[in-house]
Amino acid sequence: MATERAVLLGNEAIARAVVEAGCEVACAYPGTPSSEILPAIAKFADLLDTKTVVEWGTNEKVAYEVAISASFTGKRSCVAMKHVGLNVAADPFMSAAQFDIEGGMLLIVADDPGPHSSQTEQDSRLFGLFAKVPVLDPSSAREAMEMVKDGFELSERHKIPVMLRPTVRVDHCRQDVELNDPLRLERPAKFVKDVKRWVCLPAHVKTTHPKLNQKMDAVKEEFTKNFSKYNFEITAQEKPKLGIIAGGISFAVVMDLLTKLGRKDISVLKIGTPHPLPLDLVNDFIARHENVLLLEETYPVIELQITDRRNVKGRWNGYVPRAGELTPEVVEELVCKALGETCTRDADEDLKKAIEELKITPKPPMLCPGCPHRASFFAIRKAFPDGIYPSDIGCYTLGVNQKTVDTSICMGASVTQSSGFYLAHKVDGQLRPIVATIGDSTFFHMGLPGLVNGVYNKHAFVLAILDNQVTAMTGGQPHPGTGQKLRKGDSGRIVPIERAVKGCGVEFVKRVEAYDIDEGVKALKEAWEYAKDHREPAVVIFGHPCMLLRQEQPKVPVRVEEETCVGCKFCINFFNCPGLVFDESSKKAYIDERFCVKCGVCVNVCPHGAIQVISEEGK
Amino acid sequence: MQYIIVGLGGQGILFASRVLGEIAIKRGENVIGSEVHGMAQRGGSVISHFKVGSYKSPLISAGDADVLLAFDQNEAIRNLHFLKNGGYGIINVHKMEVFQNESLKKYLTKRNISTFLLKGYEILNEHMKGNYLFLNVLILGAMGALNLGGISFDEVEDAVSKLSPAKFLDDNMKALDLGKMATHES
């Protein structure tokens, strides 16, 4: 096949390279900005007819362990996740780094500086340093593709997992890239038993840890000598007034800026292998520049490894902001500051004034019109206005807009926080209604251990499982509750949520239609009575398909009767639908036809009965 | 050529940048752009950057964009600062009176920014049973008809028909024509 060109999303480009590199086992758990990688691996594997097995794991730890075990047998494997996913997979990530793996293993961790869609903006490169694992930091989709292939080779040369760390701007960039034929490796799975190699007994660590250190020394040497395609200098044509060291996407931002400004007095050292840092290259650059600016996202990982940082202006010493994304605007200001020049950006006073006068504000994310979660949250609040509402990670974290999400820490914490809240009140001899919300996919991901814990330790709370039959926030991936799989012709088995819940030892389980607020309220009250009386968790499953699945459902057009609406904003504050808007001039709510999907749920929301179904005669 | 595409999550902005990508690859040009996926897509403000030429970064800096495609007028105004002096914006408008704001008019004049205000919702209500899913293609039709960024209507049509799912093809072609007609009427 001749080389083809295509415009791909960064994550699709990474996926294409994974398939081209001959990867045979690919696993992941969805999470922005990594979610598109695995479905694209399946798509390209189908297209190129490779044998690659492609599977969503129930969580990142599961996915990591599945992938790395395949590499024990000599297969090339990869696992993809978002940065906080690596927290979940930290256990196998740390341990397996010390093994002499057989087939190449690529860990793709997508970081989210900003953050745009995450609970932290942690830097996975630092995790690489912690585990002593090599890290590749791409500056574009094209480079990420090369790094995937080199990553597998590097992994096999040194028998160690390799981390590819794209940031959101690489994952979600769209770029023209080259498509090539896949490598068809004929490597039958061959697991050779070797206790010293595959069992992490403390006695073995006495040899594996020093060996890991030697591997890092060898990789560092390679990064210094043989990776000039990722680590290179663009030397200033004139005497340099500034030297910039840039990692990942910051390199791309800096280069476009220098082209725009036409600067010939600034040198740039690009670093694509931030760990282990090719220190000689960096030290040599610093020695030749009096004034050095270091741009990297998001932690000072390159900076931290520099032995003499005195002349370096970076995130470590606070010259570069210690948090947040390095956007073109931020980079331009930093470069000007480091040069001792003032930026010549025009002030947009008229535009600022217009935006103020017109009261235009950024629109925060909201649950979609017709989203079943909105009805579930409304029912929860109606049933227990004084309840504590621990919640979780997913679309439904947006229930915060309905004042029905009190806490959210990380995947699965809604369940365990319920236990904590229950115990804290219990020691004072008190009891408060606790209703936790968790999505279907999150429940399988990390809700299960907490639920077993609650049953075992006898904790009274209600767990509302919001079952919209999909992993919605990340764009609609299947999970054990749906049974679907990614490759053509491949299907899994459905794990019904009810049976999983009962298997955890929960006695009270009830499923309701999420759109039916009255039924939801009734089930929640029963559940709490049961939980209170028996001192154990009770579960209510709110079922209704996600709007993104676009399933047909009856259309119930509604209107707000102007004479009846008293302008109390109850519907805005506790139902919070994009289709239901408050008009500040008339002080009444109205239906915004641009967004309303005619789900009809809001009819049961208005305490004054002002929201009414439009009958067929149009009344 | 640098394009900023703005709107609200769910309005089909990603399809628009895929169409721009398709056109560029057919011309043999290099492209790089940036999209929003995830939490922000849930009805919130979203922005896509799209650059054609020998760029390295997917992000456009304030004051550098040639073209602004806005699916929502509030998002348009919030992101006008991306347009360079002499830039061009196609804006889907639902409240025309907002554009009578004096400060806004002053800004546009001072920066020599041209706008085409498209009454997208009105057009789709009238001709496509109020199906707002076709807003993106409607705007692309107007863009092609106005020859923005040197892209012709035919090129837009080719790309849209190539990327359209079969069941939306006819409606998408209709929406393209409606976008084109709207530019003739103004």
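It should be emphasised that the depicted structure is a prediction, and the values quoted were computed from it without experimental measurement. Order of the sequence lines sets the chain letters (A, B, ...), proteins ahead of strands, with each chain counted from 1.
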| task | Count the heavy-atom pairs under 4.5 Å between each of Val331(A), Val170(A), Leu9(A) and chain B, then report the option with the highest count. | result | Leu9(A)
| note | Listed by number, the residues in residues 143-164 of chain B that come under 4.5 Å of chain A (heavy atom to heavy atom) are none
| said: Under a 4.5 Å cutoff for heavy-atom pairs, which residue among Arg5(A), Gln175(A), His172(A) has the most contacts with chain B? | reply: His172(A)
| Criterion side-chain contact (heavy atoms from CB on, under 4.5 Å) on Lys56(B) and Thr259(A), from CA distance to verdict | CA-CA 10 Å; Lys56(B) 285 192 162 38; Thr259(A) 306; over 6 Å; no
| field | chain A contact via Lys105(B) - which portion, at a heavy-atom distance below 4.5 Å | value | neither
| Between Ile360(A), Thr361(A), Leu351(A), Thr474(A), which shows the greatest number of heavy-atom pairs under 4.5 Å with chain B? | Leu351(A)
| Option that, when pairs with chain B are counted at under 4.5 Å, heavy atom only, ranks first among Met255(A), Lys353(A), Arg169(A) | Arg169(A)
| query | Should the pair Arg111(B)-Asp350(A) be classified as a salt bridge under the 4.0 Å nitrogen-to-oxygen rule? | reply | no
Donor-acceptor pairs are to be reported for all side-chain atoms of residues 7-15 of chain B against protein atoms at under 3.5 Å, with residues two or more places apart or in another chain.
| from | atom 1 | to | atom 2 | distance (Å) |
| --- | --- | --- | --- | --- |
| Gln11(B) | OE1 | Leu8(B) | N | 2.8 |
| Gln11(B) | NE2 | Phe71(B) | O | 3.4 |
| Gln11(B) | NE2 | Tyr121(B) | OH | 3.3 |

| Taking every heavy-atom pair that is under 4.5 Å apart, which of Glu29(B), His81(B), Glu35(B) has the most such pairs with chain A? | Glu35(B)
| said: Counting only non-hydrogen atoms closer than 4.5 Å, does Asn30(B) touch chain A with its backbone (N, CA, C, O), its side chain (CB onward), both, or neither? | reply: both
Table please: side-chain donor-acceptor pairs of residues 365-372 of chain A below 3.5 Å, with sequence neighbours left out.
none

| query | Out of Ile355(A), Thr327(A), Asp176(A), Asp171(A), which one racks up the most heavy-atom pairs below 4.5 Å with chain B? | reply | Asp176(A)
| said: Is Asn125(B) in contact with chain A via its backbone, its side chain, both, or neither, using a 4.5 Å heavy-atom distance? | reply: neither
| Of the backbone (N, CA, C, O) and the side chain (C-beta and beyond), which part of Tyr132(B) lies under 4.5 Å from a heavy atom of chain A, both, or neither? | side chain
| request: Please assess Glu75(B) against Lys363(A) for the test side-chain contact (heavy atoms from CB on, under 4.5 Å), listing each intermediate value before the final yes or no. | output: CA-CA 9 Å; Glu75(B) 295 307 310; Lys363(A) 201 159 175 268; 4.2 Å; yes
| field | Residues that Glu121(A) engages under side chain to side chain donor-acceptor pair (under 3.5 Å), provided they are two or more places apart | value | none
| query | Measuring heavy-atom distances to chain A, does Ile60(B) have an atom under 4.5 Å in its side chain, in its backbone, in both, or in neither? | reply | backbone
